[in-house]
Amino acid sequence: MATETVAKPRTSARVGVQKFGTFLSGMIMPNIGAFIAWGLITALFIEKGWIPVPALGGFGTNADGVANVGLVGPMVNYLLPLLIAYTGGRMVYDVRGGVVGAIATMGVIVGTGIPMFIGAMIMGPLGGWTMKKIDSIWDGKIRPGFEMLVNNFSAGIWGGILTLLGFYGLTPVVKAFTAGAGSVVQFLVDNGLLPLTSIFIEPAKVLFLNNAINHGVLTPLGIQQSLDQGKSILFLLEANPGPGLGILLAYMFFGRGAARASAPGAAIIHFLGGIHEIYFPYVLMKPILILAAIGGGMTGIATLAITNSGLVAPAAPGSIIAVIAQTSRDSYVGVILAVVLATTVSFLIASLILRTSKNKGEDDLSAATSRMEAMKGKKSSVSSALVGDRVAAQGEGTVLTRPVQTIVFACDAGMGSSAMGASVLRNKIKAAGFPDVKVTNSAIANLNDSYDVVVTHQDLTERAQPRTASAVHYSVDNFMNSPKYDEIVDLVRSSNSEDAASGTGTITEPAAATTEAAAAHGAHAAEPAADVEGKSVLMRESVILDGKARDRDSAIDEAGQLLLDRGAVDMSYVHAMHEREESVSTYMGSFLAIPHGTNDAKEHIMHSAVSIIRYPEGIDWGGKQVKFVVGVAGINNEHLHILSSIAKIFTNKAQVAQLEEATTVEEVLELFGKVNA
């Protein structure tokens, strides 16, 4: 669980910046494919492209003397901003918000002669948010039969109003901001100061704060510059893989222990895969190495400026392959030279630091980050952003009640450290004999509460937990070789084994390890047990086929009352069931919720018991439909066994269907027989 520190306010500020960056990233990243398509079309078909085609590149005239429109202009002026706006609006208010956001953005698009990426990032979310607020005014007050009429006309009318507001109100503001930011960039270029941006960008990358800068400012300005000049240096301010590669090469030659052994693999993932986050733990082990990243970044930018080189579109992810693919036709020498020189300078600085240091990186990467963060707090001006709460390996109080089938690695953009971590763990799980367990990666902004296990960097966990409340959370301090991966593999093995699911047989060592992990977050150890002092865990009188409750809280009361009637718990335990629900949802999927008390409420359990209530029409459970509410009270070592038995039933679609169609309590008892077995 989280450890109290005096740095909490700073952590909150850092998280706020990260959330803003994540939101911007969430609008851009899903549409990167469209940016790449536009970049390739631009590189190939414009007048100065590899294969100039007037009708596609938008230059010259057709046979009738009419100027060619081409693909390049309409894509960058309409398609890309509207995609961004729709994505931003949908993030706020689903499809309805996306549609209104896209409508609103047309006002700023038409009102200017430049691509309206910044305008789209404003109007898209604004349209979704305002539409959501307007809908709340008459929520539940519309007469039956008029819902479609009200919904369609309200969206159309408000979207039209926002379009006019954007055209007349936001257009001049965005124009001024774009012109001002462009002037600042041009001033830096003209005076040879652009390399100094590495002083901010490189530390921001390590602190997961770069998305606000990259997607909020650099990408929109880079697009505008690319339209005017055919390329932009701004696309490589953050994406150059050279600085990180130089640090990893230095560890390969002058590091020790786990750091040296893992550096070659990390270098391949970083340089070819474009996952820059892979080198962050190596910098955090020795924070002074940020100087190597800054030196390499400055060298790369200076080289690009001197050679007048750039990319035609964003390079995402930051792989050398993506960088070369988006390089302007006249910039290959400059771009390649920028990467090579950035790598060289970063390598030389990092090598000097490692060779003259008593500690050459022999520490275990999993333990080094925390200790080296303390060192960075003394030596680096950005240490306050690194020192903060450390969230425990698993969400506090989370109880896993189903076999692990889906694991997601989440990071800021969903394309960096999460992809690497997912690859590492996927191989471990396959080697353990569970190839069907799905391991994916995602941006935090795109998470939903459908995963069994969520893995995040410890600096990002508190942002992921609210989106995935019913999952088990693991926080890691690096994505290369975290010892948490072995714990996750043990959890997968235990939760998916027949013995663990049925509660029979002996507990293997991995299962015991998982039991310890479960105990750490509020679950009781699994030990086969059926009756307690002659009392069956599940009795006929504790099963109801047609529940009376119509909302979540009433359903918890109904399930708790059955436990009270059995004499299994006292009223304080029922109160603890509500307390637990407020902190972490007990919705488990397959129309199932399992309300139970907090770990502190164990003393209010007299004997183990289970109550089962079916709601044929379903009830709302925090936005999820629930048809089965299973109240659980487990004493001593029985809680996890009970949950495992229940989980086995609800992971079997045929058995869930039988429960839905059951007409007698005896049919339900037969299916749940293993709870008492």
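Everything quoted here is computed from the prediction, not taken from an experiment.
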side-chain contact (heavy atoms from CB on, under 4.5 Å) partners for Leu564, two or more places apart
Gln561, Val569, Met571, Val574
Under the criterion side-chain contact (heavy atoms from CB on, under 4.5 Å), I'd like the reasoning laid out for Asp546 against Arg614: C-alpha separation, chi angles, the key distance, then a yes or no.
CA-CA 6 Å; Asp546 190 5; Arg614 186 179 66 181; over 6 Å; no
Is it the case that the side chain of Thr130 and the backbone of Gly127 share a donor-acceptor pair, with hydrogens and angles ignored and the cut-off at 3.5 Å?
yes
Can you see whether Tyr615 engages Gln625 through a side-chain donor-acceptor pair at a distance of less than 3.5 angstrom?
no
Mark yes when over 12 heavy atoms from residues, nucleotides or ligands other than Glu541 sit less than 6.0 Å from its CD; otherwise mark no.
yes
For a 4.5 angstrom cut-off between non-hydrogen side-chain atoms, does Val455 reach Ile488?
yes
Do the side chains of Asp557 and His578 get nearer than 4.5 Å, heavy atoms only?
yes
Would you check, one step at a time, whether the test side-chain contact (heavy atoms from CB on, under 4.5 Å) holds for Leu592 with Val630?
CA-CA 8 Å; Leu592 168 69; Val630 179; 3.6 Å; yes
Any chance you could lay out the side-chain contact (heavy atoms from CB on, under 4.5 Å) test for Gln658 and Glu667, step after step, and finish with the verdict?
CA-CA 8 Å; Gln658 289 179 4; Glu667 293 178 64; over 6 Å; no
Salt bridge Glu660-Lys627, side-chain N to carboxylate O under 4.0 Å
yes
Residue pair Ser154 / Arg96, side-chain donor-acceptor N/O under 3.5 Å
yes
Out of curiosity, Arg566 CZ to Ser608 OG, how far, rounded to the nearest 0.5 Å?
9.5 Å
Leu659 side chain near Phe591 side chain, heavy-atom distance below 4.5 Å:
no
Looking only at heavy atoms, what is the nearest atom pair of Ala662 and Leu545, with distance?
O-CD1, 4.4 Å
